[in-house]
Visitor: 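If you scroll down you'll find the structure; I have some questions about it.
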2 protein chains.
Amino acid sequence: MGRLQTFDHGVVVQAARDLFWNKGYDAASLADLEAATGLGRSSLYHAFGSKRGLFDAAVTDYLETIIRPRLSGLRSGATDASALLDYFGSLARATAAQASDSVQIGCLLVNCAAGLAAHDDPSRAVVEGYRIELSAALRHALVSASVAAPAAAAAPIDANAVLDERVRTLASLSMSAMLIARVNRTEAIALLNTASNQVRVWFPGPTH
Amino acid sequence: MGRLQTFDHGVVVQAARDLFWNKGYDAASLADLEAATGLGRSSLYHAFGSKRGLFDAAVTDYLETIIRPRLSGLRSGATDASALLDYFGSLARATAAQASDSVQIGCLLVNCAAGLAAHDDPSRAVVEGYRIELSAALRHALVSASVAAPAAAAAPIDANAVLDERVRTLASLSMSAMLIARVNRTEAIALLNTASNQVRVWFPGPTH
DNA sequence: TATATAGTAAAACGATCGTTACAAAACCAG
DNA sequence: CTGGTTTTGTAACGATCGTTTTACTATATA
């Protein structure tokens, strides 16, 4: 054995994550990463191998720290529509609470992936994986809500097709809200509120 | 007077536009632009001043050549829901027709702006202007369709709020389809078809 | 304490970036 | 044909990029 690490691996990754989140992959230079993490190039390269390696660690941390906690409520939350309302409500509140100079605006994947996923297959796979995970979580919450409040009127002709449409609509509102969060924050919040309203239309009841 | 330009200004701008569309702003180097346009640095800088000047010209051309023609059908099209169905249908068909190696995948603004709009106010203004224009066009088409097919059942409690929600839903589906077009093209098409289906639900009738 | 191992610091690397300078070539007006 | 203006070709510029190298320091183990 030799000398021990003097820095906290997780803290460094999160500092880098916020920088990528804020500036994007290309615009975040190694000098910026040194300043943000407090580490020198040597330590960064020794610990992560490359700028891309650090970015990958940042993305992994983002998924585990930011995304999955948000989605967990959809998977294991209440069995009525409140899980969906909580999801969009907390997302809207988080977007509203961010200062305009916050480093965490929008979605790290949306901000960076649009640039990287164009010609980088690994990045594309990460973004697609996120989309699938989001859609699956929304779908789960939607079926839970449907079980709690069975079809309002006539039996749906093709319940599965309706479900697909609803999943896409909600996923679309989530993604586009993240996309324009850095351009027009109030509109991003309005999009998330639109999602909540749509849920209330689908599942009227005493929940709200 | 002196020597005349030997190249077609519009052709050069469109070649640059396709390159930016495909690779993004940062990743499109001047060497790439030389190759794509067939011009040397001298000519490019003489005609456009800088890389950014060429990009701005490309964005302007994109709005006038690609975006506005698409939106014009929403503003001056049929007075029923078919204008909306045409819009999403042609967008879906265009997305489906693109080869996976096409240089025109997704939306130039979505692909580039996510990177630039973060810390560049002019870019942010362009993106926000596009969003406003898209929303206005969708709103116009929605009110036209509503006039043609007056409220199906009971009078809407707040017709304006309903309209806002519908505009946001359709704009969201358009934008998110462009966002993930380079990640999963079939899902992008599915999002656009979801928009069409939603329109059909709102405006049932003999149009379809 | 000796030694091997691992973290840190500093500097320089080669490559690429957007931009500019300079001069030759091409053309219109007189 | 000539003067003046504009376009184009070539080359170099300075800056910045991510990466690598080299040397040095610190610490756990034996």
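The sequence lines fix the lettering, A, B, ..., with proteins before strands; numbering per chain opens at 1.
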Visitor: Applying a 4.0 Å non-hydrogen cut-off, can you work out what A/Ser29 is touching in the nucleic acid: base, sugar-phosphate, or nothing?
Guide: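 The answer is sugar-phosphate, as A/Ser29 gets under 4.0 Å only of primed atoms, P, OP1 or OP2.
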Visitor: Side-chain donor or acceptor of B/Ser42 under 3.5 Å from a matching atom on the base of D/dG9?
Guide: yes
Visitor: Of the nucleotides C/dA12, C/dG18, C/dG7, which has the atom closest to the A/His46 side chain?
Guide: C/dG7
Visitor: Atom CG of A/Leu44 to atom C1' of C/dA10: distance rounded to whole Å?
Guide: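 Checked: the CG to C1' distance equals 15 Å.
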Visitor: Is the positively charged end of A/Lys51 above the ring of A/Tyr25, judged by distance under 6.0 angstrom from the centroid and angle within 45° of the axis?
Guide: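 Yes, a cation-pi geometry holds between A/Lys51 and A/Tyr25.
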Visitor: Can you find an N or O donor on one side and an acceptor on the other, under 3.5 Å apart, linking the side chain of A/Arg41 with the base of D/dT19?
Guide: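 Side chain to base: pair found, below 3.5 Å.
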Visitor: Taking the six-membered ring of A/Phe48, is the NZ or CZ of A/Arg41 close enough (under 6.0 Å from the centre) and on axis enough (within 45°)?
Guide: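 Because its charged atom misses either the 6.0 Å distance or the 45° angle limit, A/Arg41 does not stack over A/Phe48.
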Visitor: Once you round it to whole Å, what is the distance between P of D/dT16 and CG of A/Leu33?
Guide: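 To the nearest whole Å, that distance equals 16 Å.
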Visitor: Could you tell me the separation between the OH atom of A/Tyr25 and the P atom of D/dC17, rounded to a whole number of Å?
Guide: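 For the pair A/Tyr25 OH and D/dC17 P, the rounded distance is 13 Å.
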Visitor: Select from B/Ser43 and A/Ala27 the residue whose nearest nucleotide in DNA chain D is closer to the 5' end of that strand.
Guide: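 First, find each residue's nearest nucleotide; the 5'-ward one identifies B/Ser43.
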Visitor: Counting side-chain heavy atoms from CB outward, which of D/dT19, C/dG18, D/dG9 is closest to B/Lys51?
Guide: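 Among D/dT19, C/dG18, D/dG9, the one nearest the side chain of B/Lys51 is C/dG18.
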Visitor: With distance as the sole test, does A/Ser172 use its side chain to make a donor-acceptor pair with the main-chain N or O of B/Ser172 at under 3.5 Å?
Guide: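 Yes: the side chain of A/Ser172 pairs with the backbone of B/Ser172.
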Visitor: May I have all residue pairs that pass salt bridge (Lys or Arg N to Asp or Glu O under 4.0 Å) and include part of residues 84-112 of chain B, sequence neighbours excluded?
Guide: none
Visitor: Using the ring of B/Phe88 (Phe, Tyr or Trp, six-membered ring only), decide whether B/Arg70 places NZ or CZ under 6.0 Å from its centre and within 45 degrees of its axis.
Guide: no
Visitor: Short question: side chain of A/Ser90, backbone of A/Tyr87 - any donor-acceptor pair under 3.5 Å?
Guide: yes
Visitor: D/dT20 P sits how many Å from A/Leu30 CG, rounded?
Guide: 11 Å
Visitor: Taking the minimum atom-to-atom distance to the side chain of B/Tyr45, which one of C/dT20, D/dT19, D/dT8 wins?
Guide: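 So the side chain of B/Tyr45 is nearest to C/dT20.
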Visitor: Starting from C1' on C/dA6, measure out to NE2 on A/His9 and report it in whole angstrom.
Guide: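 Atom NE2 in A/His9 sits about 15 Å away from atom C1' in C/dA6.
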Visitor: Rounded to the nearest Å, what distance is computed from the CD atom of residue A/Glu34 to the P atom of nucleotide D/dT16?
Guide: 14 Å
Visitor: Looking at A/Glu187 and A/Ile180, would you say the former's side chain and the latter's main chain have a donor-acceptor pair under 3.5 Å?
Guide: no
Visitor: Tell me which of B/Ala28 and A/Gly38 sits closer to the 5' end of DNA chain C, going by the nucleotide each one is nearest to.
Guide: A/Gly38
Visitor: Quick one: B/Phe7 CZ to D/dG9 C1', roughly how many Å, whole number?
Guide: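 Result: 14 Å.
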Visitor: Could you go over nucleotides 25-29 of chain C and give all protein N or O partners under 3.5 Å, atom names and distances?
Guide:
{"residue": "C/dA26", "atom": "O4'", "partner": "B/Arg3", "partner atom": "NH1", "Å": "3.2"}
{"residue": "C/dC28", "atom": "O2", "partner": "B/Met1", "partner atom": "O", "Å": "3.3"}

Visitor: To the nearest angstrom, how far is B/Arg52 atom CZ from C/dT20 atom C1'?
Guide: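 B/Arg52 atom CZ is separated from C/dT20 atom C1' by 20 Å.
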